[in-house]
Amino acid sequence: MTTATEPYVLNIGPQHPSTHGVFRLRVVMDGERIQDMDMVVGYLHRSMEKLAEERTYTQNIPFTDRADYLAAMSGNLGYCLAVEMLSGVEVPERASYLRVIFAELQRIASHSMANGTFVNDAGAWQTPLMYMFRERERILDLFEMTGGARLTTNYMRIGGVAFDPPPEFFPAIESLVSDLPDRIDEYAELLIDNEILLARSRGVGTITAEDAINGSLSGPMLRGSGVPWDLRKAEPYCVYDRMDFDIPVGRNGDAYDRFLVRLEEVRQSTKIIRQALDGLPSGPHKTDIPLALRPDPGEAYGRVEGPRGELGFYVVSDGGSAPFRFHVRAPSLINLSLLREMAVGSSLPDAIVALGSVDIVVGEIDR
């Protein structure tokens with residue numbers, strides 16, 4: 001006599017530690033295996049794109065902080081690049097170097113959060129998370145030292161950056177950049193061959209290179225599947241064309257490879273910051289623009305390689321002081337689109353690890 005199980009629906013979230021925010025998974029289970037999955041978003045919707053059409057171009061910068069709130073500098077930069085393209089504003093060379101420095105500091109801080117929480121999702125202990133937060137806190141101290149804020153920084157400006165770093169910034173960042181290589185080696189020694197992490201992440205949430213490309217994935221999700229695509233190389237902005245760095249890629253496209261890619265990207269970001277500091281020129285940190293900037297009618301799409309992938313801002317001007325249309329290409333939303341394919345057929349604990357390896361920020365998904 002054979003027995004059959006009755007499929008049942010399990011709701012994870014919207015308030016659940018594994019969802020890393022207000023996000024719901026509706027999972028159809030057959031015994032201990034996932035039969036189907038729906039992803040329910042919208043719980044954090046704030047109508048950011050519509051609100052942006054009622055505010056001046058400069059007033060919209062804080063909105064970009066509150067989308068991907070773990071990488072506010074990246075959001076600031078992508079939006080400012082779009083408006084500068086639209087209005088023809090030239091950015092001083094010093095400002096471009098400072099933008100690279102702060103964007104890479106933000107990438108390190110974001111990846112520290114991503115890898116620390118991922119290891120925690122995979123069932124390892126709290127120590128790696130606390131170690132990575134140690135470096136993240138030093139970076140947030142640098143943000144606070146320069147612009148007065150730690151999380152929603154509002155630092156980039158159309159035409160440059162809000163403030164030139166104070167004198168005490170440079171000894172602090174030199175100390176951080178000197179310490180990071182040893183810290184990264186410490187993480188690698190602690191985690192790369194860790195039995196728990198290997199057992200929980202190898203072969204979990206695998207995405208082929210073809211599926212990653214067809215799904216429009218970007219960032220570590222795409223590079224983890226072996227595709228060496230990085231906007232900083234493919235379409236350089238600011239002064240990335242002057243920087244020497246490598247594009248880390250994975251081989252198997254699983255959760256473990258995505259973890260390794262983010263870990264190695266921290267090392268590459270450290271190299272970029274070192275080069276930018278060495279080449280930082282003197283001069284103004286921004287170009288003065290009108291308080292109510294009125295670009296000529298037209299459209300522009302500015303994009304950056306954010307910690308989660310291609311972060312794009314589409315801005316349309318009708319000649320007024322506010323955008324006629326404002327739209328964000330959010331990598332968290334697009335990268336999340338393949339979670340069902342990653343999870344169906346696996347167990348629930350493996351699906352949680354797969355979700356953790358995507359590194360979503362729900363504020364960016366919902367906007």
Side-chain angles (χ1 to χ4, degrees), residues 20-23 41-87 89 91 95 99 102-103 106-107 109-110 113 140 143-144 146-163 219 237-238 286 289-295 298-318 320-336 360-367:
H20 296 272
V22 191
F23 168 63
V41 301
Y43 294 97
L44 205 57
H45 179 62
R46 292 148 292 156
S47 194
M48 186 186 90
E49 294 183 358
K50 188 62 179 176
L51 288 171
E53 295 168 10
E54 303 296 327
R55 286 158 176 77
T56 69
Y57 287 92
T58 300
Q59 287 174 336
N60 284 329
I61 296 173
F63 283 144
T64 66
D65 285 331
R66 289 153 177 82
D68 181 354
Y69 38 75
L70 294 182
M73 291 287 188
S74 302
N76 290 173
L77 178 55
Y79 171 69
C80 288
L81 288 175
V83 177
E84 287 158 5
M85 291 169 60
L86 187 65
S87 56
V89 172
V91 178
R99 285 176 166 188
F102 281 94
Q106 187 72 87
R107 191 182 316 278
S110 179
M113 172 75 83
L140 299 191
F143 291 172
E144 184 178 21
T146 304
R150 297 169 63 81
L151 192 68
T152 49
T153 53
N154 191 27
Y155 178 63
M156 306 291 179
R157 289 290 185 274
I158 301 165
V161 295
F163 308 102
Y237 50 94
C238 296
K286 66 177 179 180
I289 62 166
L291 187 61
L293 182 67
R294 296 175 182 270
E299 59 183 359
Y301 177 67
R303 56 181 183 169
V304 297
E305 185 66 40
R308 270 151 281 282
E310 181 182 330
L311 175 59
F313 290 85
Y314 174 66
V315 184
V316 180
S317 170
D318 61 358
S321 61
F324 174 77
R325 182 73 176 93
F326 177 94
H327 177 65
V328 183
R329 186 224 187 257
S332 287
L333 176 64
I334 296 170
N335 290 344
L336 188 65
I360 62 170
V361 171
V362 181
E364 182 181 73
I365 292 173
D366 291 340
R367 300 188 299 285

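Look at Asp366 and Arg46 and you find no salt bridge, because none of the NZ, NE, NH1 or NH2 atoms lies under 4.0 Å from a carboxylate O. A salt bridge links Arg99 to Glu84: one of the charged nitrogens lies within less than 4.0 Å of a carboxylate oxygen.
One distance of note links CG of Leu151 with CZ of Arg66; it measures 9.0 Å at 0.5 Å rounding. Of the inter-residue distances, the one linking Arg55 atom CZ with Ser321 atom OG reads 12.0 Å to the nearest 0.5 angstrom. Once rounded to the nearest 0.5 Å, the distance linking CG of Leu70 with OG1 of Thr152 reads 11.5 Å. Here the CD atom belonging to Glu299 is positioned 9.0 Å from the CG atom belonging to Leu86, to the nearest 0.5 angstrom.
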Exercise for the section: I would like to know whether Tyr79 and Phe326 meet ring pair (Phe, Tyr, Trp, His ring centres under 6.0 Å); could you show each step before the answer? Expected result: CA-CA 10 Å; Tyr79 171 69; Phe326 177 94; 5.5 Å; yes

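Between the side chains of Asn76 and Asn154, no donor-acceptor pair is found at a separation under 3.5 Å. For the 3.5 Å distance criterion, the side chains of Ser74 and Arg308 fail to qualify, holding no donor opposite an acceptor.
Val83 is not listed as a side-chain neighbour of Phe313, based on a closest heavy-atom distance of 4.5 Å or more. Under the 4.5 Å side-chain criterion, counting only non-hydrogen atoms from C-beta, Ile360 is not in contact with Asn335. Side-chain atoms of Ile289 and Thr58, non-hydrogen and from C-beta on, do get closer than 4.5 Å to each other. With a 4.5 Å cut-off on side-chain heavy atoms, Asn60 and Pro323 count as touching. Under the 4.5 Å side-chain criterion, counting only non-hydrogen atoms from C-beta, Cys238 is not in contact with Val91. Looking at Arg329 and Ile334, their side chains come closer than 4.5 Å, going by heavy atoms from C-beta outward. Within the 4.5 Å cutoff, side-chain heavy atoms of Phe143 are placed close to those of Met73. No side-chain heavy atom of Thr56 sits under 4.5 Å from any side-chain heavy atom of Leu293.
Evaluated for a side chain to side chain contact (heavy atoms under 4.5 Å, CB included) with Glu364, the options Leu333, Val328, Leu311 yield exactly one hit, Leu311.
Ring to ring, Tyr155 and Phe102 are close: their centroids are under 6.0 angstrom apart.
Remark: Glu144 CD is packed, more than 12 non-hydrogen atoms of other residues, nucleotides or ligands lying under 6.0 Å away.
With sequence neighbours excluded, the residues satisfying salt bridge (Lys or Arg N to Asp or Glu O under 4.0 Å) with Glu53 are Lys50, Arg325.
Counting only distance, with no hydrogens or angles, the side chain of Arg367 and the backbone of Gly363 share no donor-acceptor pair below 3.5 Å.
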